[in-house]
Peer 1: 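Quick one: the structure is below, questions incoming.
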Amino acid sequence: MRVYLDNAMSAPILKEVRETMLPCLQEVSGNPSAFHDWGDAARETIEQAREQVAMLIGADTEEIILTGSGTEANNSAVKGLALARWSKGKHIVVSAIEHFSVLQSARSLEKMGFELSLVPVDSHGIVDPDEVRRAVRKDTVLVSIMHANTEVGTIEPMAEIARITREHGIPLHTDAVATAGTIPVDVKALGVDALSLSANQFYGPHGVGALWVRKGVRIMPLLDGGTQEGGRRAGTENVAGIAGMGKAAQLAREAMQDRMAHLLPIRDRLLTGLPAAIGHVEVSGHPVQRLPGNASFLVEFIEGESMLMMLNMKGVAVSSGSSCMSRALKASHVLLAMGVPHEKAQGSLLLTAGIDNRLQEADYVVEVLPPIVDRLRQMSPLYAKFEKAK
Amino acid sequence: MAVYSDKVMEHFTNPRNVGEIEDADGVGEVGNPVCGDMMTFYVKVKDNKLDDVKFKTFGCGAAIAVSSMVTEMALGKTLEEVREITPEAVAMELEGLPKNKMHCSNLGAQALNKAVDDYLSKQKVQSNSKSKSGKRKTKTRD
């Protein structure tokens, strides 16, 4: 059996999405900025996609900035919103578990002279809104807190956090890459001022994303050049990719409840099945405030990469946040921020289900993982020490 | 797993000499959980040669393959020959290791050498306590 449970890293592109994209690649495609019929056709394609993306998150069409990825959207938001308020203050607030595209953008701002406050999370990965309240100051020009964390699945209390930032008149950005197109996301209900999303997370193509910025909120462009996207993002548009994102957004909006109903039993089979089948395994992240496809675990006494390799030999694709899995050889900053000790963080295992997965596939994983864990534990000096101490 | 050579994959899939030696003559431990790799090597010495070598490893695919390869390279070697087993030699035998794994995961040779050091220091303590004039020296090592 071949079981793909790494949908957060890369999800399959839907057939309807592919079919929407292909004509943009096959036929003569005008530059959307051009002043002729070809240009008009390309522009219409883009504007339709913009509307589909706007509808997905309850936004106005003209508030959508199309980007080249979720990472670009996050970079634009963090740097662009902070730099547009440069004269008002130089303090920014982000959570300790943000994606690197937010964290590193914040670090870049630090090098430019901004002060950065990292908001801690609890052991479930939840940001306490009171911590945000404590972190903001008179000179705070941006707060950025992710809507949900891909690695542990925890969904943050955005509306409560937004209430605080609104009281203080500080713009709030949220990285909704993990949630937009997966669970209901409505910018008005969330109360945020800017939101990032990525097409592949809802079965669109890679290399396309969007940044929504509330009307009236100033943002400095990350990419200077032409007047595309109202001067907020220069560069000739990736028409095929954008068309694909639009179609994917439309399908996600229509099928959202069905998809969630499909994912939840698969996720829950993993969340209950694996700790029941293997000793010293715990679920990481929040038990309830959790993404519908996310099953993340900490497997004690062994390391993630070796588990992943053995699962791959059994035809199962998963992820891990262990040091060995990162090029920088550092354990997941998300798990460490949650207070997970280093050696436990090394045993991180992340399974993310998508619409193509079936319940039997979860059963298969519950069947093949226990002997793998057992085998690695027999090799582990940590397990030997634990056994002797008993 | 294209990042690893066939040889690494083979040793990872079928690691040699996994386990502990109850009455080991020397034990060597290296690594820490922060970088994600920990290895314990056990050696049994007979006539100045490694008669048995076993390991336990917590770590990635490379760490396990390295440990297995080191035991294979070390078995039957004299205590002097063992010193020639370097991380570079191990990586070469494994047909290469990814660059970023060269340091963290390639600790097997170090663990083996530590086990041999442990054996030698025990020998010294024994011979010192046997000799009449010799003061009892207990060497502490890190």
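Chain letters run A, B, ... following the sequence lines, proteins first, then strands; residues in each count from 1.
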Peer 1: If you count heavy-atom pairs within less than 4.5 Å of chain B, which of A/K344, A/K388, A/M307 leads?
Peer 2: A/K388
Peer 1: When rounded to the nearest 0.5 angstrom, what distance separates CD1 in A/I266 from CZ in A/R358?
Peer 2: 7.0 Å
Peer 1: What are the two closest heavy atoms between B/S121 and B/D118, and how far apart are they?
Peer 2: OG-O, 2.9 Å
Peer 1: Looking only at heavy atoms, what is the nearest atom pair of A/A106 and A/V94, with distance?
Peer 2: CB-CG1, 4.3 Å
Peer 1: Sort out for me which of A/P341, A/S380, A/P381, A/A345 touches chain B most, counting heavy-atom pairs under 4.5 Å.
Peer 2: A/P381
Peer 1: What part of B/S67 lies closer than 4.5 angstrom to a heavy atom of chain A: side chain, backbone, both or neither?
Peer 2: neither
Peer 1: Mind checking which of residues 15-24 of chain B sit less than 4.5 Å from chain A, heavy atom to heavy atom?
Peer 2: B/P15, B/V18, B/E20
Peer 1: If you draw the axis of the six-membered ring of A/Y383, does the NZ or CZ of A/R377 fall within 45° of it and under 6.0 Å from the ring centre?
Peer 2: yes
Peer 1: Using a cut-off of 6.0 Å, state whether more than 12 heavy atoms not belonging to B/N14 lie near its atom CG.
Peer 2: yes
Peer 1: Any non-hydrogen side-chain atom of A/E151 less than 4.5 Å from a side-chain atom of A/S332?
Peer 2: yes
Peer 1: Kindly give the heavy-atom pair with the smallest separation between B/L94 and B/V8, and that separation in Å.
Peer 2: O-CG2, 3.7 Å
